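What follows is one structure encoded as structure tokens, with my remarks underneath.
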Amino acid sequence: MLRLTYFGQSCFLLQNESFGLLFDPYFSGKTAAMLPAGTPVSYILVSHAHQDHLGEALPLAKKYGAPVISTAEICNYLKQQGCPYIEPMHIGGKALFPFGQVKLTAAQHGGGSIPGAIACGFLVFMDGCTLYFAGDTGLFGDMKLIGERSSVDYALLPIGDRYTMGPEDAAFAASLLQAKNVVPMHYNGNERTKQDPNRFANEVKQCCDSHVIILSAGEETVLKAAQTENGSI
Ligand code: NI
Ligand code: MN
């Protein structure tokens, strides 16, 4: 059973019985100690080096002995800082891991203060399910390409506006991606990204038939694998 738990901002845990993948481990100013005891953290995926995404990647990687999956620049920086295991990748590349496959996607956003760092997103193929984690990004046309090349079961999209897509562009992104389900993220982190996720849900209704799943911090949902998995990467 594949489960997705939201921890606020863009921090999610995707887990099955054997592996836990932690995305952008920022715990909204609290500490990762809010992770329930026994939470499996097998891998940490970092989309870019802004603090609300890089978050506690380094201490958590050390604590759990979890490899960090990110762009080469961010991985190499973390290694210099004492990160025990890294899995450097780059945009457009995919790699096989014990839990499934990961492909790095483009994201239109800054990379943060690490030299050469750029922002990315992730496509994760796990247990017959395809999940797209957009990271921080504006709307871009190649989301259509992502949707054509992969059958996206779950798209995790930022809706906070100002720094990323807002609700209208994120809803349009859901249609470009032909995502079966969409989960809004990166909103209400502060005054500048205040959004009503229900407004996003209404926007989605206007432009496609993606199912919207709104998660509050600490909430989880069970992911369903697609009925017809085309297996495309
Ligand atoms: Ni950012
Ligand atoms: Mn951000």
Side-chain angles (χ1 to χ4, degrees), residues 4-14 21-32 34-35 44-61 68-78 81 83 88-91 102 104-124 131-140 142-143 146 154-174 177 182-197 199-200 214-218:
L4 183 72
T5 311
Y6 187 43
F7 293 101
Q9 198 69 351
S10 302
C11 182
F12 289 88
L13 180 76
L14 175 66
L21 280 61
L22 192 57
F23 292 79
D24 283 0
Y26 173 75
F27 291 85
S28 303
K30 299 174 191 127
T31 139
M34 76 181 271
L35 276 176
I44 299 171
L45 290 78
V46 177
S47 68
H48 64 294
H50 287 154
Q51 198 45 43
D52 57 320
H53 300 264
L54 185 60
E56 296 177 59
L58 185 58
L60 287 171
V68 172
I69 302 173
S70 188
T71 58
E73 291 80 7
I74 290 173
C75 280
N76 291 332
Y77 167 83
L78 288 172
Q81 302 297 311
C83 182
M89 298 182 63
H90 235 299
I91 309 255
V102 175
L104 252 66
T105 63
Q108 295 286 357
H109 190 72
S113 57
I114 293 173
I118 60 171
C120 72
F122 299 101
L123 270 168
V124 175
L131 180 141
Y132 170 56
F133 176 89
D136 276 4
T137 187
L139 177 65
F140 57 94
D142 281 357
M143 286 178 176
I146 294 172
Y154 291 84
L156 281 45
L157 303 177
I159 67 159
D161 225 337
R162 185 177 276 253
Y163 302 107
T164 67
M165 299 186 282
E168 301 85 358
D169 279 358
F172 192 74
L177 291 158
V182 282
V183 180
M185 65 178 181
H186 206 273
Y187 63 98
N188 292 351
N190 60 43
E191 282 299 315
R192 291 174 171 170
T193 58
K194 259 199 169 335
Q195 294 295 339
D196 176 359
R199 200 179 123 226
F200 167 67
I214 297 169
L215 297 175
S216 47

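Basis for what follows: all heavy atoms, side chains included, without hydrogens, waters or symmetry-related copies. Read the numbers this way: they start at 1 and go in the same order the structure lists the ligands and their atoms. Because the structure is a prediction, the values reported are computed rather than measured.
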Crowded around Phe140 CZ? As in, over 12 foreign heavy atoms under 6.0 Å?
-> yes

Tell me, yes or no, whether the heavy-atom count around Phe133 atom CZ, taken from other residues, nucleotides or ligands under 6.0 Å, exceeds 12.
-> yes

Working to the nearest 0.5 Å, report the span between CE of Met143 and CD of Gln108.
-> 9.0 Å

State the atom name: nearest N, O or S atom of Asp52 to the Mn ion (ligand 2).
-> OD2

Beyond-backbone contact of Tyr154 with Leu4, side-chain heavy atoms, under 4.5 angstrom = no

Any side-chain heavy atom of Leu157 within less than 4.5 Å of one from Tyr132?
-> yes

Do any of the N, O or S atoms of His109 sit under 2.8 Å from the Mn ion (ligand 2)?
-> no

Ring centers of Phe7, Phe27 separated by less than 6.0 Å | yes

Distance criterion under 2.8 Å: protein N/O/S atoms around the Ni ion (ligand 1) | 4

With the Mn ion (ligand 2) at the centre, find the angle made by OD2 from Asp136 and NE2 from His53, to 10°.
-> 80°

Taking atom OG1 of Thr164 and atom CE of Met185, what is their separation to the nearest 0.5 Å?
-> 8.0 Å

side-chain contact (heavy atoms from CB on, under 4.5 Å) partner of Leu104, the single match among Cys120, Ser47, Ser70 | Cys120

N/O/S atom name from His186 that is nearest to the position of the Mn ion (ligand 2) | NE2

